[in-house]
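As structure tokens, the structure follows; a few thoughts come after it.
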Amino acid sequence: MPELPEVETIRRGLDREVVGKRVKTVQVTGTRTVRRQPKKQFVKRLEGAKITGADRRGKYLVLRLDTGDVAVIHLGMSGQLLRAQAREPAPKHTHVVITFTQGGQLRYVDPRTFGELFVTTPDELGKEVPELGSLGMDPVDEPIPWVKFREMLLARTTKLKPLLMDQTFLAGIGNIYSDEILWEAGLRHDRTPQSLSTMEIRRLYRAIVEVLHEAVKHRGSTLADQQYVDLHGRPGEYQLLHQVYDREGQACRRCRTPIVREKLGSRSTFFCPNCQI
DNA sequence: ACGCCCGCCTGTAAGC
DNA sequence: TGCTTACAGGCGGGCG
């Protein structure tokens, strides 16, 4: 479900709501959510720890702990983190509940169970967790120098859409934002980096930064299924500004041409056949 | 090293 | 009103 803007919105919520709090108890009820280490070890390394910071790397959330460990959260397709009071009934598919000494809980809810939580050390993050060690630059967290972007892009031969979604190229972009970025850049999903003019590379670079920043500003995209909500259960608003994603047959806001949906593999790609060349 | 396809899951909506 | 099928923000692995 969530891509960089949604995860960043949740990170900001964690910064306000759980950083500074101390973990009292941890309950793991789901069987798949904590799968990288024994559940007992996960619980033991969290209980008693104070959360000292909330970071994001691509689509991963990293909570720093005063024990020196870090708690890593990946939401997969349907994961939610929700702030709640202990007396409120837990929603269906609540798999992990973290209760704080000051009261209140952080709940991990995930119907499809693709997401996961684990506790590790900062050292192992880069080494023993390969998907985090090989993450590309994060276009919101660290501005990418233009020259470096052009260099990185031209070193790859993958078509633009799968390249944007490749987490080792750039971290945080998924199916929604790759389509939105390519519309903004006026480029088709199947162009190769080598086919781009300098001006087109510049447009792509600018579109990546602009679309992601705008989406963060509007607190991410919540689609009809309401699966993405922030810590307080509130939806985002960037879906109102989507130009192509989930707009098959609707008029392009720039040229009125109907938006086309194509299947690439098993996933949908939306684009304007007139504006995107 | 790549691109494609599947599997991992549940819920919802569309189609018959 | 069913029952069945397709599809959904991610990712890793296996295949050719």
Side-chain angles (χ1 to χ4, degrees), chain A residues 1-11 29-36 56-61 72-81 91-95 108-118 128-136 138 140 152-153 155-182 189-194 211-212 215-216 218-230 235-249 261-270:
Chain A
M1 159 231 283
E3 305 179 32
L4 187 153
E6 292 77 32
V7 179
E8 175 60 19
T9 304
I10 293 169
R11 189 201 67 75
T29 46
T31 53
R32 268 173 52 82
T33 299
V34 179
R35 54 181 178 266
R36 203 176 286 243
R56 181 185 58 73
R57 302 181 58 183
K59 301 172 193 171
Y60 291 82
L61 288 163
V72 180
I73 303 163
H74 190 275
L75 302 168
M77 287 282 268
S78 59
Q80 298 179 338
L81 282 172
K92 203 176 169 184
H93 304 298
T94 299
H95 300 136
Y108 180 73
V109 180
D110 187 0
R112 293 174 72 180
T113 68
F114 292 166
E116 69 167 320
L117 276 67
F118 58 92
E128 292 184 33
V129 188
E131 61 268 41
L132 268 156
S134 58
L135 273 187
D138 185 305
V140 166
M152 280 168 45
L153 185 69
R156 302 289 299 264
T157 55
T158 319
K159 291 170 180 174
L160 292 185
K161 170 145 176 172
L163 182 58
L164 286 175
M165 291 176 65
D166 181 345
Q167 302 302 299
T168 67
F169 178 64
L170 292 175
I173 300 169
N175 206 35
I176 292 180
Y177 294 102
S178 58
D179 284 3
E180 293 299 318
I181 287 166
L182 288 169
H189 56 81
D190 54 359
R191 290 283 295 277
T192 60
Q194 288 68 35
V211 166
L212 294 176
V216 168
H218 294 272
R219 302 172 39 260
S221 302
T222 299
L223 303 183
D225 60 14
Q226 295 271 105
Q227 270 196 86
Y228 164 69
V229 289
D230 69 10
E237 288 173 351
Y238 190 72
Q239 68 281 1
L240 303 172
L241 301 176
H242 285 181
Q243 301 289 347
V244 284
Y245 189 83
D246 212 12
R247 295 194 69 237
E248 183 186 16
R261 172 190 195 151
E262 252 178 38
K263 287 259 160 199
L264 294 175
S266 61
R267 318 196 61 182
S268 291
T269 291
F270 300 89

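Below, chain A is the first sequence line, B the second, and so on; all start at residue 1. Not measured: the values here are computed from a predicted model.
Put simply, the residue from A:Asp110, A:Asp225, A:Thr113 that forms a side chain to side chain donor-acceptor pair (under 3.5 Å) with A:Ser78 is A:Asp110. Paired with A:Ser221 under the rule side chain to side chain donor-acceptor pair (under 3.5 Å), one option of A:Tyr238, A:Tyr177, A:Tyr228 passes, and it is A:Tyr177. When each of A:Leu264, A:Val244, A:Asp190 is paired with A:Thr269, the side-chain contact (heavy atoms from CB on, under 4.5 Å) condition holds for A:Leu264 and for no other.
A:Glu6 comes within contact range of no nucleotide atom at all, as no heavy-atom separation falls under 4.0 Å. Nucleic acid contact class of A:Tyr177 (heavy atoms, under 4.0 Å, all strands): none.
Between the OH atom of A:Tyr108 and the P atom of B:dC9 there is a distance of 14 Å, rounded to whole Å. In this entry the distance linking CE of A:Met165 with P of B:dC2 reads 16 Å, nearest Å. For the pair A:Glu262 CD and B:dC4 P, the interatomic distance rounds to 12 Å; values are reported in whole Å. Rounded to an integer number of Å, the gap from A:Leu75 CG to C:dC11 P is 10 Å. Whole-Å rounding puts the A:Arg112 CZ to C:dA6 C1' distance at 12 Å. Computed from coordinates, the A:Asp110 CG to B:dG11 P distance equals 11 Å when rounded to whole Å. Following rounding to the nearest Å, A:Met77 (CE) and C:dG10 (C1') show an atom-to-atom distance of 6 Å. The CG atom of A:Leu264 sits 16 Å away from the C1' atom of C:dA8 (whole-angstrom rounding).
The side chain of A:Phe114 lies closest to B:dC8, out of C:dA8, B:dG3, B:dC8. For A:Pro111, the side-chain atoms get nearest to B:dT10 when compared with the rest of C:dA8, C:dG10, B:dT10. For A:Glu3, counting side-chain heavy atoms from C-beta on, the closest listed nucleotide (C:dG12, C:dG10, C:dA8) is C:dG10. Listed candidates were B:dG11, B:dC9, B:dC2. Nearest to the side chain of A:Arg156 is B:dC2.
Considering only side-chain N and O atoms, A:Lys92 lies under 4.0 angstrom from the phosphate OP1 or OP2 of B:dG11. Phosphate proximity of B:dC9 to A:Arg32: present, with a side-chain N or O under 4.0 Å from OP1 or OP2. Considering only side-chain N and O atoms, A:Lys263 lies nowhere under 4.0 angstrom from the phosphate OP1 or OP2 of B:dC4. In this model, the phosphate group of C:dC11 is approached by a side-chain N or O of A:Lys59 to a distance below 4.0 Å at OP1 or OP2. For A:Ser78, no side-chain nitrogen or oxygen approaches OP1 or OP2 of B:dC9 to under 4.0 Å. Look at A:His93 and you'll find a side-chain N or O under 4.0 angstrom from OP1 or OP2 of B:dG11. For A:His74 and C:dC11, the shortest distance from a side-chain N or O to OP1 or OP2 is below 4.0 Å. A:Arg261 has a side-chain polar atom (N or O) that falls below the 4.0 Å cut-off from OP1 or OP2 of C:dA8.
No donor-acceptor contact under 3.5 angstrom links the side chains of A:Thr9 and A:Arg219, judged on distance only.
Heavy-atom distances to DNA chain B give each of A:Thr113 and A:Ala224 a nearest nucleotide, and the one nearer the 5′ end belongs to A:Thr113. Ranked by how close their nearest DNA chain B nucleotide is to the 5' end, A:Thr158 and A:Asp225 are led by A:Thr158.
Between B:dG11 and C:dC11, the two P atoms lie 22 Å apart (nearest whole Å). If you take atom P in B:dC9 and the same atom in C:dC3, they sit 25 Å apart, rounded to whole Å. Across C:dG10 and B:dA1, the matching C1' atoms stand 22 Å from one another, rounded to whole Å.
Counting all heavy atoms, side chain and backbone alike, A:Gly220 lies closest to A:Pro5 at CA-CB, 4.2 Å. Looking at every heavy atom in both residues, A:Thr157 comes nearest to A:Thr192 through O-CG2, 4.1 Å.
Residue A:Arg267 places no side-chain atom within donor-acceptor reach of the base of C:dA8, judged by atom type and a 3.5 Å distance cut-off alone.
Side-chain contact between A:Thr158 and A:Asp166 is absent, with no heavy atoms from C-beta onward closer than 4.5 Å.
Under the Watson-Crick or G-U wobble criterion, with both distances below 3.5 Å, C:dC7 is paired with B:dG11.
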